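Okay, so here's the structure we're looking at.
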Amino acid sequence: MTNCLILFLQPSNHVLTEDIIFREVTPDNRLISRRLLTKTSRAPRWAEKFLPAHMAQKAFIIEDSIVDPESRSMTTLTWNITHARVMGIEERCVFRVNPDNNNWTEIKREAWISSNLYGISRAIQEFGLARFKSNVSKTMKGFEFVLARMQGETPTRTLAESATVKARETALAAKEKAKDLASQAQKKQYV
């Protein structure tokens, strides 16, 4: 049997409750779970006036997960049940071992955002997408921090931040190169 590390982290501060609804190990050794999560999830200010006070501050989420030690992967499918008619969000994450380096983990994250509110569904979907992108960034920073702590180190920058710095440096170098080329071209024009 292939070794598979399963990391169960203590919930973040925004996770109020976690309840296991269903869990089983299948005959082929996969762990299948369904959980109900209650999270703090502040509704946008413009939406708060349309919601009961206790519903504007938290959201109920269902998460299905499959841990497969044979393929050394974990797949999660998560969706909201609170305010799903206003804005439904489904997210699927697949964590697996990188085929080129067994010490690396790849994640493929997909999301679908929908709304059934006539006339403003597009605006709600755009809002949902912006919030999702912001939350993904925070999630990855937290994930990288936990992994670094498990390895006995605390990075000064996360991988995402390092990539952003490198991209800025590359863009600045390209800008300087373009200025230099433009200056050379201008000089040749006068010769």
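Quantities reported herein were computed from a predicted structural model and do not represent experimental measurements. The analysis underlying the following values was restricted to heavy atoms, covering all of them including side chains, and did not include hydrogens, waters or symmetry mates.
Contacts of Arg34 classified as salt bridge (Lys or Arg N to Asp or Glu O under 4.0 Å), with partners at least two apart in sequence or in another chain: Asp64. For Ile81, the side chain to side chain contact (heavy atoms under 4.5 Å, CB included) partners are Leu36, Phe60, Ile62, Trp79, not counting sequence neighbours. The salt bridge (Lys or Arg N to Asp or Glu O under 4.0 Å) search around Asp28 returns Arg30, not counting sequence neighbours. With sequence neighbours left out, Arg96 forms a side chain to side chain contact (heavy atoms under 4.5 Å, CB included) with Ser73, Val94, Glu106. With sequence neighbours excluded, the residues that form a salt bridge (Lys or Arg N to Asp or Glu O under 4.0 Å) with Arg122 are Glu126.
Taken from NZ in Lys108 to SG in Cys93, the straight-line distance is 11.5 Å, to the nearest 0.5 Å. To the nearest 0.5 angstrom, Lys39 atom NZ is 10.0 Å from Asn80 atom CG. Here the CE-OG1 distance, from Met74 to Thr105, works out to 9.5 Å after rounding to the nearest 0.5 Å. The structure places CG of Leu37 at 13.5 Å from NZ of Lys58, a figure rounded to the nearest 0.5 Å. In this structure, the separation between CE on Met87 and CG on Leu117 is 10.5 Å, given to the nearest 0.5 Å. Atom CH2 of Trp112 sits about 9.5 Å away from atom CZ of Phe132, to the nearest 0.5 Å.
Contact check for Arg92 versus Thr76: no side-chain heavy atoms found under the 4.5 Å cut-off. Side chains of Asn29 and Glu70 form no contact here, defined as non-hydrogen atoms less than 4.5 Å apart. Residues Ile32 and Arg23 are not in side-chain contact: their nearest non-hydrogen atoms beyond the backbone lie 4.5 Å or more apart. Put simply, the side chain of Phe95 does not reach to within 4.5 Å of the side chain of Thr75, judged on heavy atoms.
Ser121 and Ser115 are not linked by any side-chain donor-acceptor pair at a separation below 3.5 angstrom, with hydrogens and angles left out of the test.
By the criterion of side-chain heavy atoms lying less than 4.5 angstrom apart, applied directly or through intervening Ile, Leu, Val, Met, Phe, Trp or Tyr residues, Leu129 is grouped together with Ile89 in one hydrophobic cluster.
Summarising the hydrophobic clusters (Ile, Leu, Val, Met, Phe, Trp, Tyr; side-chain heavy atoms under 4.5 Å, direct or chained), the residues clustered with Val97 are none.
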